[in-house]
Amino acid sequence: MSYGKFASIYDSLMQDIPYEQYVEWVASRKTSGKLLDLACGTGTLAQLFAELGYEVTASDLSEQMLTMANQRFHEANLRIPTYQLSMDNLEGLHGFDAVTIAIDSLNYLKNGEQVQKTFNEVHKALNDDGMFFFDVHSVYKVDEVYMDSPFILDDEEVSFIWHTEPGKTKHSVVHDITFFVQEQEDLYQRFEETHEQRTFPISTYTTWLKAAGFVIESISADFTEAEPSRESERIFFCARKV
């Protein structure tokens with residue numbers, strides 16, 4: 001997925017994401033070292049990690065997202081190398097103490113085979129005892145919460161109408177979003193995006209992590225230390241390479 005015009009408004013849509021809490025979660029378990037931020041988007045997390053003292057490398061499949069990320073790093077006077085790579089193909093990247101795949105990016109992989117390959121690639125990229133951090137949408141969120149669409153945002157600069165429908169596979173969703181982006185005081189540009197996401201039960205992710213050579217350090221929910229419940233919407237995994 002190229003993301004096209006979506007990259008230019010991505011930060012506006014993510015203002016409610018508590019990035020600082022994500023950084024605190026990682027830092028509480030891995031305080032320093034070389035960190036690889038996969039599916040980095042526009043680089044918000046990568047910048048925060050770098051400012052905290054990590055030696056950061058960032059990667060994303062989208063050229064447009066990386067353009068925004070590189071601009072962010074330049075303006076912040078940060079030297080963060082970037083790579084245009086899929087998270088399930090990290091050839092040439094290795095020697096990291098931590099790897100992150102944040103804000104449900106893993107849910108954009110189309111099938112379980114890609115998720116398992118990603119876990120294997122992350123394992124190879126990590127040093128011994130390296131830490132792997134990621135979050136995913138819960139089955140409950142994909143199967144129930146997302147099915148309550150349409151969702152509507154009416155904002156001065158960016159508005160959208162967001163429709164969802166079940167995907168073709170179990171625990172998957174198709175997002176059809178129409179955006180209206182202000183270009184002048186009374187002039188808005190309209191464009192559409194379609195995104196597909198898929199998730200799996202917690203037990204499935206756990207099985208795949210163990211098969212790839214990880215031990216599970218913690219599983220929590222919704223930016224807290226609490227264990228997931230049936231109605232948790234975002235599941236956080238912390239695993240260690242053995």
ring-ring contact (aromatic ring centres under 6.0 Å, His included) partners of F134, counting only residues at least two apart =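 For F134, the residues satisfying ring-ring contact (aromatic ring centres under 6.0 Å, His included) (neighbours in sequence not counted) are F119, F132, F237.
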
task = Output the distance between atom NZ (K110) and atom CD (Q114), rounded to the nearest 0.5 Å.
result =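 Answer rounded to 0.5 Å: 7.0 Å.
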
Taking the basic N atoms (NZ, or NE/NH1/NH2) and the acidic carboxylate oxygens, is any pair closer than 4.0 Å for [X] and [Y]?
X    : Y    : value
R29  : E225 : yes
D129 : R240 : yes
K34  : D97  : no

task = Hydrophobic side-chain clustering at under 4.5 Å (ILVMFWY, transitive links): who's grouped with V215? Put none if nobody.
result = V242

request  = Decide yes or no on salt bridge (charged side-chain N to carboxylate O under 4.0 Å, His left out) for K124 and E91, but give the supporting numbers first.
outcome  = CA-CA 9 Å; K124 289 189 293 184; E91 185 176 356; over 6 Å; no

ask   = E121 and side-chain contact (heavy atoms from CB on, under 4.5 Å): which partner among L90, L93, L126?
value =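 Going through the options one by one, the only one that passes is L90.
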
Report yes if some heavy atom in the side chain of [X] is under 4.5 Å from a heavy atom in the side chain of [Y]; otherwise report no.
X    : Y    : result
M131 : C238 : yes
V158 : Q182 : no
Q197 : H137 : yes

task = Assess whether ring pair (Phe, Tyr, Trp, His ring centres under 6.0 Å) is satisfied between F180 and F191, documenting all intermediate values.
result = CA-CA 7 Å; F180 303 88; F191 68 93; 9.1 Å; no

Steps toward ring pair (Phe, Tyr, Trp, His ring centres under 6.0 Å) verdict (F214, H123) = CA-CA 8 Å; F214 290 98; H123 190 273; 5.1 Å; yes

query = Quick one: which of F133, F49, Y19 gives a ring-ring contact (aromatic ring centres under 6.0 Å, His included) with W25?
reply =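 Looking at F133, F49, Y19, the match for W25 under the ring-ring contact (aromatic ring centres under 6.0 Å, His included) is F133.
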
Donor-acceptor pairs under 3.5 Å, side chain of residues 161-168 to any protein atom, not counting sequence neighbours: which ones?
from	atom 1	to	atom 2	distance (Å)
W162	NE1	H175	ND1	3.1
T164	OG1	Y146	O	2.4
T164	OG1	S149	OG	3.0

inquiry  = Does D154, at its CG atom, have more than 12 non-hydrogen atoms belonging to other residues, nucleotides or ligands within less than 6.0 Å?
reply    =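 Not more than 12 within 6.0 Å, no.
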
inquiry  = Looking at Y83, I'd like to know if its OH atom is crowded, meaning that more than 12 non-hydrogen atoms belonging to other residues, nucleotides or ligands lie closer than 6.0 Å.
reply    =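 No, the 6.0 Å shell around OH holds no more than 12 heavy atoms from other groups.
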
